[in-house]
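In what follows, a single structure is set out as structure tokens and then discussed.
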Amino acid sequence: MGHKFILMTIFIIIAISALGFFANFGHGLIWLSHDKPEDFVALMMRLLFLTLVTERIVEFYKLMHLTKNRNCIRLEIEIARFNESDNNAAKIKGFLVEKEKYHAQTRQKTTLMGFVVGAVMALMGIRVFTGMFDFEDASGIQIVLFDIFEVLVMGALMAGGSKGINTMVSAIESFAKPAKVKQSPP
């Protein structure tokens, strides 16, 4: 990232903060207290469930639409065929580069599909973060901004897959479990 991007980001954050102060939004959102670690585990489990559902939808999309293009299989056959003779290193390298491009395009398409599925989930009302806050004193613009933010975050979380959320769930569970006390033998 360049210094222009960082400076622009800082400027946008300052501008939004000043606008929030002068337009009187951003102060009525109250974080609901979660006294037990189980509350966070339940939140993470909901996220994990939603990401697993999203991953299955993306897998279905891959099977139905992306595998119609048998380009990757063709490339693997060509690589295997040219591996039999030693004089084709340049052709093999070209096929490997083409195969990597195909995988990169597939990752890009499936990530976008995951984002769209997550955003649609949030637009339909399947949300995770709304239940964590009390909106009683929040202004209308704040609720709209929160909704937009949640749609974007849900899309990004779903596009990221379940691996990261599974790691967070494991970390929270290990933190929530009481430490085992070592007993000395009698």
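We're numbering straight along the sequence, starting at 1. Every heavy atom of this structure was used, including side-chain atoms; hydrogens, water molecules and symmetry mates were not.
V53 and L123 fall into different hydrophobic clusters, where Ile, Leu, Val, Met, Phe, Trp and Tyr side chains are chained together by heavy-atom contacts under 4.5 Å. Both V128 and F133 belong to a common hydrophobic cluster when Ile, Leu, Val, Met, Phe, Trp and Tyr are linked at side-chain heavy-atom distances under 4.5 angstrom. Both M124 and V116 are members of a single hydrophobic cluster when ILVMFWY side chains are connected at heavy-atom separations under 4.5 Å. When the side chains of ILVMFWY residues are joined at heavy-atom separations under 4.5 Å, either directly or via intervening members, L50 and M113 end up in a single hydrophobic cluster.
The CD atom of E100 sits 6.5 Å away from atom CZ of R107, with the distance rounded to the nearest 0.5 Å. L48 contributes atom CG, which lies 4.5 Å from atom CG of L52 (distance to the nearest 0.5 angstrom). Between atom OG1 of residue T51 and atom CE of residue M154 there is a gap of 9.5 Å, rounded to the nearest 0.5 Å. Separating the OH atom in Y61 from the CG atom in L112 is a distance of 7.5 Å, to the nearest 0.5 Å. One distance of note links CZ of R46 with CD1 of I126; it measures 12.5 Å at 0.5 Å rounding.
Minimum heavy-atom separation, T111 to A159: O-CB, 3.4 Å. T130 and F135 get closest at one heavy-atom pair: O-CE1, 3.6 Å.
Note on residues 116-128: pairs passing salt bridge (Lys or Arg N to Asp or Glu O under 4.0 Å), not counting sequence neighbours, are R127-D147, R127-E150.
Aromatic ring centroids of F129 and F149 lie 6.0 Å or more apart.
Under the 4.5 Å side-chain criterion, counting only non-hydrogen atoms from C-beta, L47 is in contact with M158.
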